[in-house]
Amino acid sequence: MRRYANVQMNDVQIIMMRLIMEFTHQHIKTRKHLHIRTFAHPHIHAIFAVMNILILGSGGRESAFAWKLAQSAKCDKLFIAPGNAGTPQYGTNVNIKVTDFEGIKQFVLAKGINLVLVGPEEPLVKGVHDFFLADEQLKNIPVIGPQAEGAQLEGSKDFSKQFMQRNNIPTAASRTFTRDTLQEGMAYLATAGLPVVLKADGLAAGKGVLICTSLQEAQLELAEMLTEAKFGEASSKVVIEQFLQGIELSVFVLTDGNSYKILPEAKDYKRIGEGDTGLNTGGMGSVSPVPFADAAFMQKVEERVVIPTVNGLKKEGIPYKGFIFIGLMNTQGEPWVIEYNCRMGDPETESVMPRIESDFVDLLQGVAEGTLHEKELIISSKTAATVVCVAGGYPGEYMTGQAITGLDNMRGSHVFQAGTARQGEDVIATGGRVLAVTSLQDDMFAALQQATADAARIYYDGMNFRKDIGFDLL
Ligand SMILES: Nc1ncnc2c1ncn2[C@@H]1O[C@H](COP(=O)(O)OP(=O)(O)O)[C@@H](O)[C@H]1O
Ligand SMILES: [Mg+2]
């Protein structure tokens, strides 16, 4: 016998009830437009396993999460804090900052939120999950995203290198230096080959990595990072590592701390200019699947990286419920880890979510309850391509406030809004990365062509997007 929503039931009764629930729920979901009230009573809420969900974040990644979660029969009310001008298509925007933990708490309690999905790294590294666990009223509300300790996989490059070394995970050889060991760092650089990679230890908004091609340049940069705080507190420690040659891709793992699911892999395009030229950006596009990540390569990734990572966390007593983003270099068919992130990627999520056919709320519930191994992950064999539309001037100082037109002109894509806001009747650009245009098609060529053509159907002053996203993979 088990207790289920305060009723004693045996397993057969539970199965019967679940079947009835599924049926009733599907029925109600399809009739939602008739304004039939769903379940208001908290016990009934539990029995029917529908959830009120809060997503933290406001970018294209969070739009893609919201789009996917809103399709689930298990999602009742969906909120996005703070969201953007596009997210009201999927749920309700809430004007709370992702690092305003007190504000999040009040909202979660007031609205009966049953699950919180954290989009960006900042609240995780700052301990939003720990905040929930330490609060009497919040501790039973699951947060998807690791606690601060696990988030150090992203929050500290030194921590993640040491973690990989302890767990025999393939990564570039490296050493870490501080201000006190600057002279040793200088000497180490003299013995390291070129090019050499310098990484600020802490979060540096994607700007803390330098690839130096001469010893003089490397020594100058190391000194600036350590003694002149070139990247602020983030560069009070610097990881010096060997340069890896190859082609990059991102692999995403969802874990409940015990078992894991490997989500669709993706390739992103970081440079502003076509042909991968110019300055680095937050991401100009993405494609999933990645043709050079064939079954043999992905098996190596699973055996040499994913399993040792999940087991390493467990062995070291680091709780981890959420996403592990593994940045990989494919060097002649061998995977090397460049970095971990403690959340999904943006714009990779926009290409990953459309390929997941399973109910994503069900998977997140598995993470929350530690039953991920019971869940099924079905991945579409189609290709998703995402083209990001950015603001004029980005990634430098960029224009904001332009009205966007053509959002309804899509022929075969979905627009995940990112840096947008509503101003009267208009949707205006407010961020560097403004929109992500994603198309899911049977073959890669069709997906790339459709997303690129549909991006061109949008207009705002200064708009820029790359017309070559993914074409190198054909
Ligand atoms: N060891 C390395 N060899 C070659 N390129 C690297 C190496 N480490 C980082 N890079 C390049 O620098 C980029 C940024 O490094 P990464 O560790 O991902 O830092 P972050 O994303 O936090 O800025 C990578 O995407 C990759 O292109
Ligand atoms: Mg990176």
Side-chain angles (χ1 to χ4, degrees), residues 59 61 120-122 124-125 151-165 169-176 188-189 192-213 217-218 221-222 225 230-253 265-273 275-287 290 292-293 305 309 323-332 334-349 395 432-433 472:
R61 167 182 50 213
E121 63 278 12
E122 196 190 357
L124 294 170
V125 173
Q152 286 299 296
L153 280 185
E154 172 166 4
S156 166
K157 300 271 188 211
D158 179 47
F159 176 94
S160 77
K161 289 302 267 194
Q162 289 192 31
F163 175 84
M164 286 186 263
Q165 281 152 11
I169 294 163
T171 188
S174 74
R175 280 187 57 188
T176 301
Y188 179 74
L189 280 176
L194 291 171
V196 65
V197 185
L198 306 187
K199 297 187 175 186
D201 175 59
L203 292 182
K207 294 186 177 7
V209 173
L210 303 171
I211 296 172
C212 302
T213 48
E217 181 194 0
E221 295 289 2
L222 181 67
M225 286 166 94
K230 178 166 182 161
F231 300 108
E233 185 50 32
S235 66
S236 62
K237 269 189 200 172
V238 174
V239 175
I240 301 180
E241 73 175 43
Q242 172 203 4
F243 181 83
L244 298 167
Q245 205 86 47
I247 177 157
E248 286 182 68
L249 74 154
S250 308
V251 169
F252 304 98
V253 175
E265 78 286 353
K267 174 156 184 55
D268 80 326
Y269 291 79
K270 284 253 178 315
R271 302 299 193 94
I272 186 74
D276 285 328
T277 54
L279 294 174
N280 263 327
T281 70
M284 296 296 290
S286 65
V287 181
V290 179
F292 61 81
V305 181
T309 299
F323 300 96
I324 309 173
F325 167 147
I326 306 170
L328 288 170
M329 189 70 87
N330 175 335
T331 304
Q332 294 173 334
E334 306 300 319
W336 295 84
V337 178
I338 292 180
E339 65 160 349
Y340 291 113
N341 293 311
C342 61
R343 35 85 196 172
M344 284 296 286
D346 193 351
E348 291 97 328
T349 309
R433 290 185 293 164
D472 58 313

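Note that ligands are numbered from 1 as they come in the structure, with each ligand's atoms numbered from 1 the same way. As the structure is a computational prediction, the values presented were derived from the model and not from experiment.
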What I'd like to find out is whether the side chain of [X] reaches to under 4.5 Å of the side chain of [Y], using heavy atoms alone.
X	Y	result
Gln162	Ser156	no
Glu221	Val238	no
Leu244	Glu334	no
Phe231	Leu210	yes

On a heavy-atom basis, which atom in [X] and which in [Y] lie closest, and how many Å separate them?
X	Y	answer
Lys230	Ser235	N-OG, 3.6 Å
Arg343	Phe325	O-CB, 3.1 Å
Val337	Val305	CG2-CG1, 3.6 Å
Thr171	Lys161	OG1-NZ, 2.8 Å
Glu348	Ser286	CA-OG, 3.8 Å
Phe252	Gly345	CE2-N, 3.7 Å

In ligand 1, which numbered atoms sit nearer than 4.0 Å to a non-hydrogen atom of [X]?
X	answer
Ile338	8 (N), 9 (C), 17 (O), 18 (O)
Met329	4 (C), 5 (N)
Glu241	1 (N), 2 (C), 7 (C), 8 (N)

Quiz item: Is Val197 touching ligand 1 with its side chain, its backbone, both, or neither, if touching means heavy atoms under 4.0 Å apart?
Solution: side chain
Who's the nearest protein heavy-atom neighbour of [atom], and how far?
atom	value
atom 23 (O) of ligand 1	Gly206 CA, 3.6 Å
atom 27 (O) of ligand 1	Glu248 OE2, 2.4 Å
atom 17 (O) of ligand 1	Lys199 NZ, 2.8 Å
atom 3 (N) of ligand 1	Leu244 N, 2.7 Å
atom 11 (C) of ligand 1	Ile211 CD1, 3.9 Å
atom 12 (O) of ligand 1	Val209 CG1, 3.7 Å
atom 21 (O) of ligand 1	Glu339 OE2, 3.1 Å

Quiz item: Do any nitrogen or oxygen atoms of Ala172 come within less than 3.5 Å of a nitrogen or oxygen of ligand 1?
Solution: no
Practice problem: Output the atom name for the N/O/S atom of Glu339 with the smallest distance to the Mg ion (ligand 2). | Solution: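 It is OE2 of Glu339.
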Quiz item: Is Gln245 in contact with ligand 1, taking contact as a heavy-atom separation below 4.0 Å?
Solution: no
Quiz prompt | Heavy-atom nearest option to atom 16 (P) of ligand 1, drawn from Gln242, Glu154, Lys157, Glu121 | solution = Lys157
